[in-house]
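The first residue of the sequence shown is numbered 1, and numbering continues consecutively from there. It should be emphasised that the depicted structure is a prediction, and the values quoted were computed from it without experimental measurement.
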Amino acid sequence: MQPDPRVPPGWHREPPPRTGWWFLVPLLTCGYGTPLMVLVGGLRLRSRLHTVLAFGYLAVLAVITVARLTASTGNDSGDENAAAGIVYFMVWVTGTIHVTALQMRVRERFFRQAAAEHGRGLPHYPPPAWQHGTGVDPALAAAQWRAARRQEARELQATQPAMANELMIGRPDLPGRQYDDGGLIDVNHVPADWLVRYLTIDRDLADRIVEARDRHNGFTTAEELVVYCEGLTPAKLDLFRDRLVFVPR
């Protein structure tokens, strides 16, 4: 499906959450901002546990504040103030670490949902660069993203060939193309130089493919390449089969 022209190509309709600053709230507020950020994270994750923990932080901070105020008005306040100070410091540090972990989980949840949406055929999902810092290997995420784009483009070619032709699916050699098909190659039309570049094959094999397609007026399946192209084995074909598309000549 063609991306929405109102958003950058390949982007999800909703941008990823900017959570990198969350940890600064408990850190710079000496822990008093922890309940708010844990509550926000809990709501984003739809987690009852974190929602309860947010109110737990609030209760602990309230008890510490009351204890310190009460101790400061008494005669023997040193021990109570020291104990309250230790607990308060622990809440401050623990809350900052907790919020840091939450901000990462919220971003990771966004990317997993976006990937799931794309797997169901929805057109807008994040580009691979957004996968950094989410615990997902960037190279693997990028490869999966391209494979998903190829599948989407193939479905478009099969169901709406006129639109696929307008989007120049499988034709990286044509100028002005904007649609990202994940690296598909229309083996019936792309010049030999582009076959070498995109299929990572040697020039001799690319020339044999071009000669065979001209001789047989194009291919209809990947298996025909093995039959008509000398030197192309099924094992070698499997290395780039997923990148082939066959547009009638």
Asker: Would you name the heavy atoms of Arg215 and Tyr228 that are closest together and state the gap between them?
Answerer: NH2-O, 3.8 Å
Asker: Where do Cys229 and Ala212 come nearest, in terms of heavy atoms and distance?
Answerer: SG-CB, 3.8 Å
Asker: Under 4.0 Å between a side-chain nitrogen and a carboxylate oxygen: does that hold for Asp202 and Lys236?
Answerer: no
Asker: Quick check for you: to the nearest 0.5 Å, what is the distance between Thr100 atom OG1 and Leu27 atom CG?
Answerer: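 Reported value, rounded in 0.5 Å steps: 8.5 Å.
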Asker: Begin from the C-alpha positions of Ile86 and Met90 and carry the test side-chain contact (heavy atoms from CB on, under 4.5 Å) through to its verdict.
Answerer: CA-CA 6 Å; Ile86 292 174; Met90 292 176 61; 4.2 Å; yes
Asker: Hey, quick one: are Val196 and Phe240 part of the same hydrophobic cluster, counting side-chain heavy atoms closer than 4.5 Å, chains of contacts allowed?
Answerer: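 No, separate clusters.
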Asker: Please check if Leu39 and Val91 belong to a single hydrophobic cluster, counting links between Ile, Leu, Val, Met, Phe, Trp and Tyr side chain heavy atoms closer than 4.5 Å.
Answerer: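 No, no single cluster joins them.
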Asker: Can you get from Leu184 to Leu199 by hopping between Ile, Leu, Val, Met, Phe, Trp and Tyr side chains that sit under 4.5 Å apart?
Answerer: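 As far as the 4.5 Å side-chain criterion goes, Leu199 and Leu184 are not connected within one cluster.
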Asker: Drop me the distance from Leu36's CG to Trp22's CH2, to the nearest 0.5 angstrom.
Answerer: 9.5 Å
Asker: Is the closest side-chain heavy-atom distance between Val226 and Thr233 below 4.5 Å?
Answerer: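 A side-chain contact under 4.5 Å is absent here.
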Asker: Counting only N and O atoms by type, is there a donor-acceptor contact under 3.5 Å from the side chain of Arg249 to the main-chain atoms of Arg213?
Answerer: yes
Asker: Please round to the nearest 0.5 Å and tell me the distance separating atom CG of Leu195 and atom CZ of Arg208.
Answerer: 12.5 Å
Asker: Check for me whether the distance between the ring centres of Tyr32 and Tyr57 falls short of 6.0 Å.
Answerer: no
Asker: For atom CD of Glu223, decide whether the heavy atoms of other residues, nucleotides or ligands shown that lie under 6.0 angstrom number more than 12.
Answerer: yes
Asker: Does Arg154 form a salt bridge (Lys or Arg N to Asp or Glu O under 4.0 Å) with Asp242? I'd like the steps, not just the answer.
Answerer: CA-CA 10 Å; Arg154 279 199 184 87; Asp242 184 55; 3.5 Å; yes
Asker: Hey, what do you get for CG (Leu53) to OG1 (Thr94), rounding to the nearest 0.5 Å?
Answerer: 11.5 Å
Asker: Taking Leu58 as the starting point, is it possible to reach Val40 by hopping between hydrophobic residues whose side chains are less than 4.5 Å apart?
Answerer: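 No, no single cluster joins them.
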Asker: Can you measure from CG (Leu24) to CE (Met37) and round to the nearest 0.5 angstrom?
Answerer: 9.5 Å
Asker: Between the main-chain N or O of Phe23 and the side-chain N or O of Gln103, is there a donor-acceptor pair closer than 3.5 Å?
Answerer: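 Between the backbone of Phe23 and the side chain of Gln103 there is a qualifying donor-acceptor contact (under 3.5 Å).
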Asker: Can a salt bridge be assigned to the pair Arg177 and Asp173 using a cut-off of 4.0 Å between side-chain N and carboxylate O?
Answerer: no
Asker: Considering only heavy atoms from C-beta outward, does the side chain of His189 approach that of Asp186 to under 4.5 Å?
Answerer: yes
Asker: Say whether, by atom type as modelled, one donor and one acceptor occur between the side chain of Thr34 and the main chain of Gly31 under 3.5 angstrom.
Answerer: yes
Asker: Relative to each other, are the rings of Phe219 and Phe246 parallel, tilted or perpendicular (30° and 60° limits)?
Answerer: perpendicular
Asker: Using 30° and 60° as the class limits, which term best fits the ring planes of Trp92 and Phe89: parallel, tilted or perpendicular?
Answerer: perpendicular
Asker: Could you check if a side-chain atom of His98 sits within less than 4.5 angstrom of a side-chain atom of His50, using non-hydrogen atoms only?
Answerer: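 Sidechains of His50 and His98: in contact.
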Asker: Could you check whether any side-chain heavy atom of Ile169 comes within less than 4.5 Å of a side-chain heavy atom of Leu156, counting everything from C-beta outward?
Answerer: yes
Asker: I need the minimum non-hydrogen distance between Thr221 and Leu225, along with the two atoms involved.
Answerer: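 Distance-wise, the nearest heavy atoms are O-CD1, 3.7 Å.
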Asker: Do Asp207 and Arg203 meet the salt-bridge criterion of a basic N to acidic O distance under 4.0 Å?
Answerer: yes
Asker: Taking all heavy atoms of Ile185 and all of Pro172, pick out the closest pair and write down the distance.
Answerer: CD1-CG, 3.7 Å
Asker: Tell me if a side-chain donor or acceptor on Asp181 pairs with a main-chain N or O of Arg150 at a distance below 3.5 Å.
Answerer: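 Checked: no pair found.
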Asker: How close do Leu237 and Ala222 get, heavy atom to heavy atom, and via which atoms?
Answerer: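 Heavy-atom minimum between the residues: CD2-O, 3.4 Å.
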Asker: Within the distance-only criterion (no hydrogens, no angle test), does the side chain of Arg243 pair as donor or acceptor with the backbone N or O of Leu239 below 3.5 angstrom?
Answerer: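 Pair found, side chain donor or acceptor close to backbone of Leu239.
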Asker: Report yes or no: does Ser47 contribute a side-chain atom to a donor-acceptor pair with the main-chain N or O of Leu43 at less than 3.5 Å?
Answerer: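 No; zero donor-acceptor contacts below 3.5 Å.
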Asker: Do you know the tightest heavy-atom contact between Phe55 and Thr51?
Answerer: CD1-O, 3.1 Å
Asker: Distance under 6.0 Å and angle within 45° of the ring axis: does Arg149 meet both against Tyr179?
Answerer: yes
Asker: Would you please say whether a donor-acceptor pair under 3.5 Å links the side chains of Thr220 and Glu224?
Answerer: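 Their side chains do contain a donor-acceptor pair, which is all the 3.5 Å distance test asks for.
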Asker: Please check if Leu174 and Val245 belong to a single hydrophobic cluster, counting links between Ile, Leu, Val, Met, Phe, Trp and Tyr side chain heavy atoms closer than 4.5 Å.
Answerer: no
Asker: Please examine the side chains of Tyr88 and Leu61, heavy atoms only from C-beta on, and report whether any two atoms are closer than 4.5 Å.
Answerer: yes
Asker: Going from NE2 on His216 to CG on Asn188, what distance comes out if it is rounded to the nearest 0.5 angstrom?
Answerer: 12.0 Å
